[in-house]
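Structure first, commentary second.
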Amino acid sequence: MHVAMRQFTLFLTCLIVLTGCGASPADKDAAPAQDKDAVVTSPQSKAPSTDSDSIASMSNASKIAAACVTAALTLSGCSATQTQEGYVDQVGVQLFMYNWNSVAAECEYLGEIGVDWALVAPPTEHILGPNWWTVYQPVSYQLENRLGTREEFASMVKTCADNGVDIIADAVINHMANQDGIGFAGTEFTKYEYPGLYTLEDFHQCDITFDDSIQNYMDKAEVQTCELLGLPDLDQSRPNVQAKIVAYLKDLLSLGVKGFRFDAAKHMAAEDLEAIVAQLPKDTRVIHEVIRGAGEPIQPEDYLGSGDAWEFTYAYALKGYMEMEMVAPEGEELRYLGHVPSESAVAFVSNHDTERNGKTLNYNDIVDFELATNLMLAENYGQPMLYSSYAFANYDDGPNQDDAGYVDSVKCEANDKGVVKPKDTYEPGEWICQHRFASTAAMLKFRKAVIGTSVAGIYQSDSSFGFTRGDKGLFAMNASSTETVKLEMPTTLADGEYQDVLSGKKFKVQGGKLIASLKPKTAVALVRG
């Protein structure tokens, strides 16, 4: 790409991703439910898109990006208040729609490569249907669903714990199902009546919009009391609703679950979630799903009093960098303005929502996906979360399942070392097993080797980008899809020989500089040894 065009593209991408600390107003107009995982009105309907001298050879594009970031944040007035100590030395993985037996089988490998926790799909009973989002429409708090039984869930949690991997459960406590029917485990229900659990008075009656559904994301009351695409909205301020939710969460904790990702946290009042979390053990891990929106009254920082937050802006930016083949400078002063504090952030390349709505990279961009994952693991923003999923032909497609509706077991095409090789194309329903790519295991070794160090010695020249991690390691990448680049990278590493954990090759640092060639869309991650 022509340098001038890159500069202009970088500037526009920066504005789109970072103004308002996230999505632009147009994003909300086009996809008003972009911050929801399961957002269909019925099993037959389509779901809308759910939802941004230490610097050597710094390019003009980088300077433009820096100015853009600063200006965008000044205009948006986003908060960066640190409210909670996080888990920045840990690494997680989202095993999307893995059944419980498959998660259990995977935990031995996860423990071996150094993954600390796994996020699993909601375990509650849900509506019937083959689409992936059925698990995001609960009908009871029974632990019986298409991913397995209560006994299998409990066995999974224990097996993973035995391998040093904590289980974080996706918890849907904002709403129930938007239809009448019979649930996966046989529970009969209607939209506002759930036997022994909730009745009509337990749900918000917003009376703000013509159909009681969210229309305007600039209206806080509407976002948090009206229905998200017709899903009946629980009133978490009611003591009896809180009690039912807390009992459900404590049931999961009693089985060994270590924490929760609160789905659609943006649609629940922050103070209500704080009241719920306060009733759980103090060491309960909580991750909130709150997508930034330009100028919106609800932002991720509002929720840091009761947990950490997925930082969507980080993932959006990674996609922009890979597509324009240039990375904006890494550093707290530049790249992470408009993000929640690192101590409270969960960083990711993609998740189950964003891989479908086009806002982040996915397996169709497998080279960029892998390179972005390498970068995420190399730097020190937040707590990285890997992603592992299946291929799909259409937005709604769930994983393959048997005649009884249970999801088939995961089959990773791994070699004798447990490694999966990325492929150019995948068939719908095929498990991709991104967490088993050789580069991921290698970068986890790099991350372990440099733990406790900061990012320094930032280097950027056209499509190449790199930095050192204290005196322990160095990471550099070439984002170009066509050009081999020659690095002449000043470094804080001592002169000597270093090993690239990605290729196994040796590199020398001489005179305080690394000189090396990088082929298109490749990286090096050097450590002593």
Side-chain angles (χ1 to χ4, degrees), residues 22-23 27-28 31-41 47-51 94 96 119-124 126-127 131-139 141 168-178 191 198 202-204 206 212-217 219-237 241-242 244-245 248-249 259-277 286-293 296-304 306-312 346 348 351-354 356-357 359:
D27 292 330
K28 283 299 164 83
Q34 65 175 313
D35 56 347
K36 180 64 197 72
D37 299 70
V39 292
V40 295
T41 56
S49 295
T50 60
D51 345 4
Q94 182 179 9
F96 181 57
L119 171 64
V120 300
T124 49
H126 51 74
I127 63 173
N131 299 326
W132 64 268
W133 40 259
T134 61
V135 298
Y136 288 91
Q137 294 197 32
V139 302
Y141 291 151
I168 307 296
D170 209 340
V172 183
I173 58 173
N174 172 66
H175 59 264
M176 300 299 282
N178 62 359
K191 181 175 177 178
Y198 300 122
D202 295 321
F203 296 90
H204 284 122
C206 81
D212 287 340
S213 289
I214 300 169
Q215 305 295 329
N216 178 17
Y217 271 72
D219 186 325
K220 183 176 181 179
E222 190 172 323
V223 172
Q224 295 187 334
T225 64
C226 293
E227 295 182 350
L228 184 64
L229 295 179
L231 295 160
D233 196 75
L234 284 166
D235 183 355
Q236 291 82 14
S237 69
V241 172
Q242 285 191 15
K244 296 289 178 58
I245 291 172
Y248 161 56
L249 299 177
F260 309 99
R261 169 197 173 266
F262 285 153
D263 174 70
K266 185 176 194 172
H267 298 278
M268 296 176 278
E271 57 269 26
D272 292 343
L273 287 180
E274 288 182 16
I276 289 169
V277 172
V286 172
I287 304 169
H288 296 297
E289 182 203 22
V290 185
I291 298 178
R292 294 187 185 279
E296 290 183 5
I298 305 170
Q299 296 293 341
E301 285 78 9
D302 302 338
Y303 294 79
L304 300 186
S306 59
D308 294 337
W310 266 359
E311 186 46 86
F312 286 79
V346 174
F348 61 96
N351 69 28
H352 60 289
D353 245 351
T354 64
R356 287 169 168 77
N357 66 22
K359 290 184 175 292

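Everything numeric here is computed off the predicted structure, so don't read it as measured data.
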Assign the ring pair F348 / F312 to parallel, tilted or perpendicular, where the plane angle (0 to 90°) is split at 30° and 60°.
-> perpendicular
Which of M268, M176, H204 passes side-chain contact (heavy atoms from CB on, under 4.5 Å) with D233? It is H204
Taken to the nearest 0.5 Å, the spacing of L231 CG from N178 CG works out to 4.5 Å
Find the distance between CG (D263) and CD1 (I173) and round it off to the nearest 0.5 Å.
-> 9.0 Å
Residues at least two apart in sequence or cross-chain that pass side chain to side chain donor-acceptor pair (under 3.5 Å) with Y198, listed by chain then number, are Y141
Minimal heavy-atom distance between A221 and D219, with the atoms involved, is N-OD1, 3.1 Å
Measure the CD-CD1 distance between Q137 and I127 for me, rounded to the nearest 0.5 Å.
-> 3.5 Å
The salt bridge (charged side-chain N to carboxylate O under 4.0 Å, His left out) partners of K191 (sequence neighbours excluded) come to E227
Could you check L249 against F262 for side chain to side chain contact (heavy atoms under 4.5 Å, CB included), going step by step and ending with a plain yes or no?
-> CA-CA 11 Å; L249 299 177; F262 285 153; 4.0 Å; yes
Are the side chain of Q236 and the backbone N or O of L234 linked by a donor-acceptor pair below 3.5 Å?
-> yes
Out of curiosity, Q299 CD to I291 CD1, how far, rounded to the nearest 0.5 Å?
-> 11.0 Å
How long is the span from the CG atom in L304 to the CD atom in E274, to the nearest 0.5 Å?
-> 10.0 Å
Is the NZ or CZ atom of R356 both under 6.0 Å from the centre of the six-membered ring of W132 and within 45° of that ring's axis?
-> yes
Please confirm whether the backbone N or O of D353 pairs with a side-chain atom of N351, one donor and one acceptor, at under 3.5 Å?
-> yes
Within the distance-only criterion (no hydrogens, no angle test), does the side chain of E289 pair as donor or acceptor with the backbone N or O of A265 below 3.5 angstrom?
-> no
Closest non-hydrogen atom pair, P122 against V172 = CG-CG2, 3.7 Å
Nearest 0.5 Å please: distance from the CZ atom of R261 over to the CG atom of L119.
-> 6.5 Å
Can you name the nearest heavy-atom pair linking A309 to P300, along with the distance?
-> CB-CB, 4.3 Å
Would you please test D170 and Y136 for side chain to side chain contact (heavy atoms under 4.5 Å, CB included) and show each step?
-> CA-CA 9 Å; D170 209 340; Y136 288 91; 2.7 Å; yes
Look only at the side chain of K266 and the backbone of I298, and say whether a donor-acceptor pair between them is shorter than 3.5 Å.
-> no
Considering non-hydrogen atoms only, spot the tightest contact between A269 and Y303 and give its length.
-> C-CE2, 4.4 Å
Are the side chain of H267 and the backbone of V223 linked by a donor-acceptor contact shorter than 3.5 Å?
-> yes
Worked check of side chain to side chain contact (heavy atoms under 4.5 Å, CB included) between S306 and H288 | CA-CA 9 Å; S306 59; H288 296 297; 2.9 Å; yes
